[in-house]
Structures are given as C-alpha cells and as structure tokens.
Amino acid sequence: MKYSKLMNTTKTSQRKPLPYAGQRRNHAGGFGWSVDRWNLLDRFLILGSENGTFYVGAQELTADHAKNVIEVIKEDGERVVERIVDASQSGLAPKNDPAIFALALAASLGDDKTRSAALKALPLVCRTGTHLFAFAKVCNGLRGWGRGMRKAVANWYLAQPTDRLEYGLVKYQAREGWSHRDLLRLSHPQTNDAEQNALFKWVVDGEVTGDLQMIRAMLALREIKDVSQAADLIKKNRLPREAIPTEMLTESAIWEALLADMPLTAVIRNLGNMTKIGLLKHGWLSGNSDSVQKIIELLRDSGRLERARIHPIGVLAALNTYALGHGVRGNGSWKPVQAILDVLDEAFYASFKNAPAIGKRLVLGLDVSGSMVGTQVAGVAGLDCRKAAGAMALIHEATEGEVTHLAFDTSVYPLKISRKERLDKVVNLLARTGGGGTDCAAPIRYAIDKKIRADAFILYTDSETWYGSQHPTEAITEYRSKMGIDAKLIVVAMASTRNTIADPRDAGTLNIVGFDSSVPQVIADFLS
Ligand code: CA
C-alpha cells in the first residue's frame, strides 16, 4: 500500500509535527506539546525565568509567565495562592523570588477573595525584609496602597516576636529601592507594646529609646577600632554580617565571631570568603581549623538543613563555586579545603529525603546539548542545566541498583557513573560531554538498538528537541512493542518553558518540574 509510505505513522521527522497529535512548534524549531497552565505555573514558581533560557530572553520568558499567572488567577485565584504558599514554604524552589512575584500579582489583580487570601499569605511567603521589599515594589506599580495592603504590611511587623523583628530590622535594612522606614510610614502599625514602638521609632526617626540591645551594639560597633573588642561585641549580641562595618570584614576574628550564630544559608554562601581570609584552613600538621570542624558539624545536621529550607540546588551551587576556588562575581580566590568539599558532597545527598529504592530498571537520558549549557538552573549563577542533570544522575545511582546513564545530544554517550566519585568531579565530566544539537529520542533509540531492558526512561531535558527522524513518543512506542515492556517515560523539566516531549494522551508518561528533594519519591510512586 502506497499510503503507508506517503504517511508513515511510526516515524515522523522531528522537523514536522506528529499527525493529529496537537503538537506545537518549540523554540528550537522542532515539535512537542505544551504543558497545561497549572503545570506552567509550577515551572515558573520552581524554575523561575530571571535568566531566560538558551532560546528565550529573560524579559520575554517572564512576560509569558506573568500572562499565565494572571490567567490562572482568573481561573481559580485561591488555588494559585495555595500553590504559591506550598512552593515557598516546603522548599520546593531554589529561590523564593518567583513566589513573591506571583503573590504580588494575586494580591493586585485577583478578585476580592483572591486578594485577601494573598495578603493573608504575606508572612508565609515573605519571611524576611528583603522578601517584603520585593513584594512592595511589584504591588506599588500594580495596585497602590489601599486599606487591605496597609493592614497586611502593618501585621507583618506586628506579628513578629520583638527579638526576631529587631534582628530582621538590623539584617535587612533596605533593598529594591524600599526600606523599612518607607513601609512603616505607609502602613502605620499601631501597638501598645513599648519595645515594638521603640523599634519603630528607631526605624522611622533614627532615635534610640528603650532597650534595643542589638541596635545599640550595631551603633557602638561603628566606633570601635580594636578587632578583638569588636569580635566580643558581635558574639555577645549575635550581630549578623549586615551590621558589621565593611573594613572589619577582612578580619578572620570577626568572621569567627559571626560564624557562632550565622544562619545556615549565610554559612553556605560565605564558605569562599571565610577560606579566603584564612578562617577555614587545613594545616599539614595542625589539621582542620576549629571553624572547619564547626562547618562540618553544621552541614552534617540534616534536620537543620531541612529547617533552613536549603534546597539541593543551593548545596550544589555552593559546592560548584567553592570547588572552583573563586567567586562567580570575581571577588578574590581561595584554595578549597578538602573536608569542606567532602561535607558539601554529603549534604547534597542528605538534602534528598531518603527515598526507598524503586527496584526498577532505569535508563537516564541526560540532555547535554548546547542549549542545556546555555540555560542556568533557576537563575543560580554558574550552575547550568547540564551540571544539574549530572547531579541527579548521581542521586539515582545512589538510590537505585540498576541504572543506565546515557548522556545525549544528537548522539548518545554511555557514562559509567560511580557513587564513589565526588559530585563535582562527575558534574565536570558531564560538562565536557556533548554540546551539539538535540534529539530527545536518541537515548530511547539507543536502548532499542542495544536491547537494554528498562522499566522507565527518565529524561532530564529542556524538551527543545528538533533533530532526528523519529519523535520521542514514537520511539517509546516502538520500544514498548519491540521489547515487550510497558516502559514509562518521565520527563524532568530543566527550563521553565511551555514545552514537553511527554505525550499528554499517554498515561505511561509523567512531567516533573525541576529536581527538588522529593523527586526520587515522586518517581518511585509513579513507577510502583
Ligand atoms: Ca538542546
């Protein structure tokens, strides 16, 4: 029959859409499907859009997401607020900024119920002054300062215990063109609590009355020239780094004092700094310094990592930067301490909740095409999608018995990955692999050719596939019939676009957004 040649239904060039399948053109000129609006909302909340992707600029991508957020707000605004709170509170996302932006849109553009739900959620999503300033900035342009908004911001201040409030006022004084002074003058919180009133008075008038121990210490520090005296004052009053005069920040005694009460996120962010100034060091005879030991203890405390909402990607980014030996913004260099590298490696694995081994045969398809290098993960500097995919390969390797790792662009590169190797080494190996065009069907075709028995294919990709003579969904269909295994296809989105290669009509496929600590569990649940 000539027709089967004229319209082949098992092999369609990726430059053409599958017949009658509802595909649309992706950014690379190939064809795939769009995820639905709610999945797109999740992609935004978790992956963000601040750096764009290899194909789409940050502005264009953000505009597309904002449009989608507004559409879902119109569909069901309260559900959007719930989703935002969940993403922000549970530590699903490496960064909180997309959640704040979406909350501001809900508080400004939703119906009455949505707006009040969004304002009620304010302290749950905006947990620091910096978060609140970012929220105020977006709202200011969209809705102005009505009664509901003023009341919500006033409550944000009033609901905090005074010691936490004082710490927050010292730590986050002004950002994004907004300060606590601006917000207090607009929101006018009313209280009979003398301590709270003294704090507000200091912020608004600069006048110190009452106890205000931390603020008095911060002001006193500006007059002190002696380093050990300054260090004592910092320790005694648990001052944060933001309260320290800049010229003091080159002293290792000052950092040692800061480290005593440093929040975990700040510890992770300042590992390079603390090594550079000589606080974190390893001596041939003296071994690890006390501060190195302290950091090891901190990072081994997995409960603490979870409470601080340290995202695995945050740990990975820290490891990546620390191993590099210089900051991404180019301020100085350091010689990494081996024990710190090791404990970061440990912390990365620990940041994934212990998922039970799935007991299934997995083929991992790790997209290492050029676009994966050009797309950063959730706007984390220095961390591209290719490296993150490598890290996930190690997570699967660590929890599962039978994993085949296939890196691919338009070719396939089988990888031997061993759990014994340290994360940054594997990630760097992957960073040297591939770099070409994209054929997401390639790992599946490879498994057909080599007769690899797999219960599931897990593809880490931006779904911008365009090369090759067969669509991924046709390849999985062929795999199932040739191998006689009803293999599942799981697609993990690494970029916050609308694209997916997972056929929405196929119940054996799953779309996952990003790679937070729950991904192994979600995959286990789906496969069992
Ligand atoms: Ca690509």
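All ligand and atom numbering here is 1-based and tracks the order in the structure. What's counted below: heavy atoms across the whole structure, side chains too, no hydrogens, waters or symmetry copies.
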### Message
I'd like to know if Asp97 pairs up with Lys95 as an ion pair, taking the criterion as any Lys NZ or Arg NE/NH1/NH2 lying under 4.0 Å from an Asp or Glu carboxylate oxygen.
### Response
no

### Every N, O or S from the protein that is nearer than 3.0 Å to the Ca ion (ligand 1)
Ser369 OG, Ser371 OG, Thr438 OG1

### Query
With distance as the sole test, does Tyr479 use its side chain to make a donor-acceptor pair with the main-chain N or O of Ala454 at under 3.5 Å?
yes

### Message
Testing the basics here: between Trp466 and Gly437, what is the closest heavy-atom pair and its distance to 0.1 Å?
### Response
CZ2-CA, 3.5 Å

### Query
Taking atom types as modelled and ignoring hydrogens, do the side chains of Arg127 and Ser88 form a donor-acceptor contact shorter than 3.5 angstrom?
yes

### Under 3.5 Å side-chain donor-acceptor pair for Thr62 and Glu50
no

### Message
Suppose we screen for ring-ring contact (aromatic ring centres under 6.0 Å, His included). Which residues come up paired with Tyr172, at least two apart in sequence or across chains?
### Response
none

